[in-house]
> 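Before we start, here is the structure in question, set down as structure tokens.
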Amino acid sequence: MHKLSRGHRDKVQQFIAITGTSEKVALQALKASDWHLEGAFDIFYTQPQVKTVTDSRHLEELYNRYKDPYTDMILVDGITLLCNDLQVDPQDIVMLVLSWHMKAATMCEFSKQEFIGGLQSLGVDSLEKLRERIQYMHSELKDEQKFHEIYNFAFGWAKEKGQKSLALDTAIGMWQLLFAEKQWPLVDHWCHFLQVRHNKAIPSDTWSQLLEFVKTVDHALSNYDAEGAWPYLIDEFVEYLIENSIVQRNG
Amino acid sequence: MPNEINRWAHFVEYNIGNVAVRPQYCHVQNPGNMTMPECKIIDFEQGWEFMEKGITKLKNILEGLPEPQFSPEDYMMLYTTIYNMCRQKPPHDYSQQLYDKYRESIEEYITSKVLPSLREKHGEFMVRELVKRWSNHKIMLRWLARFFHYLERYFIAERSLPGLNEVGLTCFRDLVYKEINGKVRDAVISLIDQEREGEQIDRALLKNVLDIFVEIGMGQMDYYDNDFEAAMLKDTGAYYSRKASNWILEDSCPDYMLKAEECLKREKDRVSHYLHSSSEPKLLEKVQNELLSVYTNQLLEKEHSGCHALLRDDKVEDLSRMYRLFCRIPRGLDPVSSIFKQHVTAEGTALVKQAEDAASNKKAEKRDVVGLQEQVFVRKVIDLHDKYLAYVNDCFLNHSLFHKALKEAFEVFCNKGVAGSSSAELLATFCDNILKKGGSEKLSDEAIEETLEKVVKLLAYISDKDLFAEFYRKKLARRLLFDKSANDDHERSILTKLKQQCGGQFTSKMEGMVTDLTLARENQANFEEYLSSNSAANPGIDLTVTVLTTGFWPSYKSFDLNLPAEMVKCVEVFKEFYQTKTKHRKLTWIYSLGTCNINGKFEPKTMELIVTTYQASALLLFNASDRLSYSEIMTQLNLTDDDVVRLLHSLSCAKYKILEKEPNTKTISPTDYFEFNTKFTDKMRRIKIPLPPVDEKKKVIEDVDKDRRYAIDASIVRIMKSRKVLGHQQLVMECVEQLGRMFKPDFKAIKKRIEDLITRDYLERDKDNPNTFRYLA
């Protein structure tokens, strides 16, 4: 999907959102209609063979297995059980990727729609299939574009409802999780810097710009521009790196 | 023919060499020894033979050989011969031949006489000979022009040939000048160099010989420029380069400049005496280049006499000279102004350091909020400014470069601050000291005006003008509310000055404050009238209320102090009175600014105590009970711990112990008990018990910081609203520009505000270019 242009990607997303189908199906339908959404819908709804391969009865059963007994949602206990079934550590980053696929609004929660819709779009209707799919998810992080989306998704997913910014502890946890994948050597310094010098919640802009920083500025900071529009926390981080001789800048 | 001769009447008189010719009406007859038959065809040989005789006679005269002068008749005859030879019908029209002969005879003279005499002479003598020969040549040409005049009028004019004079000059140029100009040039240059070395030379000779270079060009300056001036300039350059390389080593900067100025003066003089005026700018530029441009840095930075030393030793005259010399050189003043700036910056920084040291020494002994030292500091900065502004005006003739240097220098150290106080605060305090009653400076009205003027000037250098305004407002409020202002006129006058410099917005609140106080006086009179006509309402206590407009004044805490009943009555009465005036305004009482005069009935004697409203309320509690605990006082007054500690300390631990504290220690603790000290007395009948003010500095700075955040926000939104999409750097720049009049926002602060506005959805980053922001309407 990363090879698609922005406009095409949006259309795929839109298509999936409306039909609840998998990416693969969406791509097929859209390509067949020469990227006209309307046409793709026609193809999708008139040609049952392209339609979802998931069995909604199975999905319902799966959902009910994890559903909280008191509310119509999957909560912490359900997720723990799901992790057990999938043989995945709940702290594992694939849970973030899974949540991203399901478009989960909040960490440790799936609404019924998110869960069933998500599995549908993944084209999965059984634990076995999901387990298989999850193994593949780890590699999705290697995809630059997907990583970008997952990274930005993580902010909204991890923050407290109704808050505009992300609590520092949570942010640090997420960064360590995400940048372990990305292998950013300064991640520990960054987290330490935040705890010592900042110790406040992280605004969305800083969150998303950090990834830009990681992606564009090299480790020796040689192409860092102090006059640029980096959020001030990043500027201060660079100052901190230089002050503490963690990074030596030449020139 | 008569016609032709008639025209001669127009010539009045000729003075050619030593020969006077007065043309007359006459038919040519009796030409003495030069006879020429009339009115028959003259053949060429015959005619020319006659002409040649005349020309030889002319040549002899020029050579100084004994020869009778030309008589008018001779002259007439020569002219007539040419006339006749040209008027004959072809083939006897000899115009062309005569034209050629004209040149040939000049050439002949030059080769036979002029050149040999020049070749045998050298140096100055040759120059003299040339001048003489040139002048003779011109005489000859004028004579020949007369003889051959008829050629000029018809033959030459009809065929557009070079005129007689031109031909003559060309001959001289091609034969004499071309051969000799190099030698002449060298001789002239060597004469100039001799004169530079102080020898007397014949300036008239130089003037004359250089005129040849000009005249030979026949209107064009090429010969002068190429054959003389270029070499002269080159020599001048070499000459002064030699001189300068010695002087720069041997002489001090002032001596060097004296010499340079003298040299320039002499060269200018030289031009006026014998060089062509077009040489002046080139010559002076050359000399300036060798003497000044080449050695600018070496000269200005001479260790014991350079620009630094001149500034240090106040060598006003030398500095003026320096300005005069270097202002002529392109960008020549740059290094001077930069040294000037360095010097002023260093002097100012030294003042800052001095004040800093004094403050840190002082700190151990006594800690004033802003002490005398700082006061002295501002005074010194003003003096420094006076001094160097005078330099700019007098030595540097008001040149903008120096104004800029002065400004930049003052901006450097004026924004440093002393001992934890920003210069904005120092200036505000300085003003306060001048404007308040009993300030430390005793000055006449004029001196006060002058000082205020200067303080306002200094303010221009301070970037935190908003901070000054806030401090100033605080101090002004105290002066106005506690009746400490010495003179209303001065108060208004400084506001006018501030308004002129910083704009109306800057002073609008301050002006509002002054106006408020005037209104308050009227209001008080009305209130007293109201009380006298309404005796039922009279609370039995004299009450003065100053009604202030919210917004003009600094913000004060208004706590719900529990007033004593007597005072509550007062407040009610005033409220009622105020209702009669307006119903739409809400009064907020600021008790922390009030003062009370109360009578203390002590056993030795009754005394009048001047206290604050807080203190009075606390003291009046003891009318009801003899002994009160800290917490009882606190709850009954409804004040914070800080305030209670402060006021109890002033009543029980300071100079006047109106209350006895138990235990009797120097500090207030929440477990203390207090009792009215009935034994208290003092030699005065009326005492003022001061309540030390809370240190407001921190609050002022916080307030200003907060205001700045709003100002930056507003500015960013304003910019983005009009631009919609803008790059980060541009946005920051425009923001700094908009706000620069009031304060210098730091980049980090702007960044923080931008990020905050992003969080608040006023802006967003462009998705493709994170260095660009978009305005979200």
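As the structure is a computational prediction, the values presented were derived from the model and not from experiment. The sequence lines fix the lettering, A, B, ..., with proteins before strands; numbering per chain opens at 1.
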> For E755(B) and P231(A), work out which heavy atoms get closest and say how close.
OE2-CA, 2.7 Å
> Taking all heavy atoms of A229(A) and all of P770(B), pick out the closest pair and write down the distance.
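Looks like CB-O, 3.9 Å.
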> Could you pull out the closest heavy-atom pair between R760(B) and K164(A), with the gap in Å?
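Shortest heavy-atom separation between R760(B) and K164(A) comes out as CA-NZ, 4.1 Å.
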> Answer yes or no: does atom OH of Y240(A) have more than 12 heavy-atom neighbours from other residues, nucleotides or ligands under 6.0 Å?
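Correct, the count exceeds 12.
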> Restricting to non-hydrogen atoms, name the atom on D225(A) and the atom on Q729(B) that form the minimum distance, rounded to 0.1 Å.
OD2-NE2, 4.1 Å
> Is the count of non-hydrogen atoms from other residues, nucleotides or ligands lying under 6.0 Å from E160(A) atom CD greater than 12?
no
> How about residues 204-212 of chain A versus chain B: which residues have heavy atoms under 4.5 Å apart?
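Result: D205(A), T206(A), Q209(A), E212(A).
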> How far does OH of Y232(A) sit from NZ of K752(B), to the nearest 0.5 angstrom?
4.5 Å
> Using distance only, find each side-chain donor-acceptor pair of residues 193-201 of chain A under 3.5 Å and give its atom names and separation, not counting sequence neighbours.
unit_1  : atom_1 : unit_2  : atom_2 : d
R197(A) : NH2    : E243(A) : OE1    : 3.1
H198(A) : NE2    : K200(A) : O      : 3.4
H198(A) : NE2    : A201(A) : O      : 3.3

> Would you say the side chain of K751(B) lies within less than 4.5 Å of the side chain of W230(A), judging by non-hydrogen atoms?
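Answer yes - side chains close enough.
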> Assess whether atom CD of E144(A) is packed by more than 12 heavy atoms of other residues, nucleotides or ligands within 6.0 Å.
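No, CD of E144(A) has 12 or fewer neighbouring heavy atoms, counting only those of other groups under 6.0 Å.
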> Tell me, yes or no, whether the heavy-atom count around K721(B) atom NZ, taken from other residues, nucleotides or ligands under 6.0 Å, exceeds 12.
no
> Within a radius of less than 6.0 Å around NZ of K407(B), do more than 12 heavy atoms belonging to other residues, nucleotides or ligands occur?
no
> Non-hydrogen atoms of chain A under 4.5 Å away: do they reach the side chain of N769(B), the backbone, both or neither?
neither
> Working to the nearest 0.5 Å, report the span between CD of E227(A) and NE2 of H728(B).
9.0 Å
> With a cut-off of 6.0 Å (strictly less than), are more than 12 heavy atoms of other residues, nucleotides or ligands near NE2 of H192(A)?
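For H192(A), atom NE2 is not crowded (no more than 12 foreign heavy atoms under 6.0 Å).
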> Is it the case that over 12 heavy atoms from other parts of the model lie below 6.0 angstrom from the CD atom of Q113(A)?
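Not more than 12 within 6.0 Å, no.
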